[in-house]
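Right, one structure below, let's go through it.
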Amino acid sequence: MPTAEPAIVAIVVRGLTKRFGGFTAVSGIDFELKHGERLGLIGPNGAGKSTFVNLLTGTLPADQGNITLRGQEVTRVAAWKRSRMGLARTFQIPRPFKGLTIRENVEVAVMFAAGQQDSRQAAITASALLAQVGLEARANAAPSVLSQVELRKLELARALAANPKVLIADEAMAGLSDSEVDEILALLLQLNGSGIAVIMIEHIMRAVMLFSQRIVVMVAGAKIADGTPQMVMSNPEVERAYLGQ
């Protein structure tokens with residue numbers, strides 16, 4: 001039976017743990033995300049953030065703990081089913097299909113992630129998503145012509161194909177210039193304004209502080225802080241472990 005959760009909660013995680021042999025990558029994490037919330041997930045390289053996201057999305061199976069998505073237990077549910085339940089993600093390194101146009105790349109996502117079998121309707125939806133992220137003028141081009149910031153926008157369009165209620169943006173700004181970071185930040189804020197809860201995983205602290213209503217900090221597979229940006233950044237443990245002070 002589905003686990004009932006308060007209506008304001010989009011994701012609830014309890015005791016989530018993942019081990020690789022004798023190494024514990026994620027250790028007993030408790031976590032909640034409210035509907036429509038903007039949350040920053042930060043930590044040094046090797047903190048376990050990517051493993052945690054892979055557990056949330058179903059790419060990796062959990063060794064212990066449970067995950068509830070929009071009131072339903074999903075700990076053992078396949079990744080594609082979680083996607084159709086409203087959980088989407090981007091990847092750190094965009095890998096579009098090189099032999100397809102930009103529109104076709106999004107069409108594939110629409111047909112797979114949203115289960116849309118009508119190819120004509122999938123093309124219409126893909127065009128609308130490209131317009132939403134500012135790539136409509138590039139629709140018939142190959143992904144090879146895209147700049148780094150445009151590739152990140154294509155990645156967001158493909159994630160949006162599932163019509164998500166929760167979006168995990170995994171280092172969507174890595175390697176971008178300040179002005180390009182601002183472009184992606186504005187787009188994520190726009191998506192959040194439409195009602196999508198966003199988990200931003202990012203090392204660019206300026207963007208994290210501007211975007212986040214709440215910040216969660218992971219170090220060595222454990223959650224060491226969870227609170228408002230001001231509270232978290234003034235936490236001595238965060239300063240020592242993450243900021244190196």
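Below, all heavy atoms of this structure are taken into account, side chains as well, without hydrogens, waters or symmetry copies.
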Closest non-hydrogen atom pair, [X] against [Y]:
{"X": "A159", "Y": "T90", "answer": "CB-CG2, 4.0 Å"}
{"X": "N235", "Y": "A225", "answer": "ND2-CB, 4.0 Å"}
{"X": "L146", "Y": "E150", "answer": "CA-OE1, 3.4 Å"}
{"X": "V181", "Y": "A207", "answer": "CG1-CB, 4.1 Å"}
{"X": "L151", "Y": "P143", "answer": "CD2-O, 4.1 Å"}
{"X": "V106", "Y": "A161", "answer": "O-CB, 4.5 Å"}

**Request:** Tell me, with the steps shown, if D226 and R214 meet salt bridge (Lys or Arg N to Asp or Glu O under 4.0 Å).
**Result:** CA-CA 7 Å; D226 183 342; R214 183 161 62 95; 2.8 Å; yes

**Message:** Show, in sequence, the C-alpha distance, side-chain angles and deciding distance for M205 and I42, and conclude whether the side chain to side chain contact (heavy atoms under 4.5 Å, CB included) test is met.
**Reply:** CA-CA 9 Å; M205 290 308 300; I42 66 172; 4.0 Å; yes

Spacing of [X] atom [atom1] and [Y] atom [atom2] [to the nearest 0.5 Å]:
{"X": "L39", "Y": "F31", "atom1": "CG", "atom2": "CZ", "answer": "5.0 Å"}
{"X": "L41", "Y": "L33", "atom1": "CG", "atom2": "CG", "answer": "10.5 Å"}
{"X": "K153", "Y": "L160", "atom1": "NZ", "atom2": "CG", "answer": "13.0 Å"}
{"X": "M200", "Y": "R38", "atom1": "CE", "atom2": "CZ", "answer": "9.5 Å"}
{"X": "E107", "Y": "L130", "atom1": "CD", "atom2": "CG", "answer": "9.0 Å"}
{"X": "Q64", "Y": "I29", "atom1": "CD", "atom2": "CD1", "answer": "12.5 Å"}

Under a single-linkage definition using a 4.5 Å side-chain heavy-atom cutoff for Ile, Leu, Val, Met, Phe, Trp and Tyr, are [X] and [Y] assigned to the same hydrophobic cluster?
{"X": "F52", "Y": "L60", "answer": "yes"}
{"X": "L100", "Y": "L129", "answer": "no"}
{"X": "V232", "Y": "M209", "answer": "yes"}
{"X": "F112", "Y": "L87", "answer": "no"}
{"X": "L135", "Y": "L176", "answer": "yes"}

Any non-hydrogen side-chain atom of [X] less than 4.5 Å from a side-chain atom of [Y]?
{"X": "P229", "Y": "V208", "value": "no"}
{"X": "M111", "Y": "Q121", "value": "no"}
{"X": "L69", "Y": "I11", "value": "yes"}
{"X": "L167", "Y": "L156", "value": "yes"}

Side-chain donor/acceptor of [X] to backbone N/O of [Y], under 3.5 Å:
{"X": "N54", "Y": "T59", "answer": "no"}
{"X": "R82", "Y": "T75", "answer": "yes"}
{"X": "N192", "Y": "A197", "answer": "no"}
{"X": "K165", "Y": "H35", "answer": "no"}
{"X": "S234", "Y": "M231", "answer": "yes"}
{"X": "R70", "Y": "G86", "answer": "no"}
{"X": "D63", "Y": "R19", "answer": "yes"}
{"X": "K18", "Y": "P61", "answer": "yes"}
{"X": "K49", "Y": "V217", "answer": "no"}
{"X": "R152", "Y": "P94", "answer": "no"}

**Request:** Verify side chain to side chain contact (heavy atoms under 4.5 Å, CB included) between L154 and R138, making sure each step is shown before the conclusion.
**Result:** CA-CA 10 Å; L154 174 57; R138 299 282 208 170; over 6 Å; no

**Item:** Derivation of the salt bridge (Lys or Arg N to Asp or Glu O under 4.0 Å) call for E155 and R158
**Value:** CA-CA 5 Å; E155 187 74 3; R158 295 203 297 177; 3.2 Å; yes

**Request:** Quick one: do E180 and E183 satisfy side chain to side chain contact (heavy atoms under 4.5 Å, CB included)? Show the steps, please.
**Result:** CA-CA 5 Å; E180 290 170 338; E183 286 185 52; 4.3 Å; yes

**Message:** Looking at R120, I'd like to know if its CZ atom is crowded, meaning that more than 12 non-hydrogen atoms belonging to other residues, nucleotides or ligands lie closer than 6.0 Å.
**Reply:**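 Counting neighbours around CZ of R120, 12 or fewer heavy atoms of other residues, nucleotides or ligands fall under 6.0 Å, so no.
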
**Request:** Report yes or no: do Q92 and S50 form a side-chain donor-acceptor pair below 3.5 Å?
**Result:**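 There is such a pair (donor and acceptor under 3.5 Å, judged by atom type) between the side chains of Q92 and S50.
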
**Message:** Quick one, L188 with M173, criterion side chain to side chain contact (heavy atoms under 4.5 Å, CB included). Give me CA distance, side-chain angles, the key distance, then yes/no.
**Reply:** CA-CA 11 Å; L188 290 175; M173 304 173 193; 3.9 Å; yes

**Request:** Please name the residue in the list Q132, R103, E136 that meets the side chain to side chain donor-acceptor pair (under 3.5 Å) test with S127.
**Result:**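 Output: one option passes, namely R103.
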
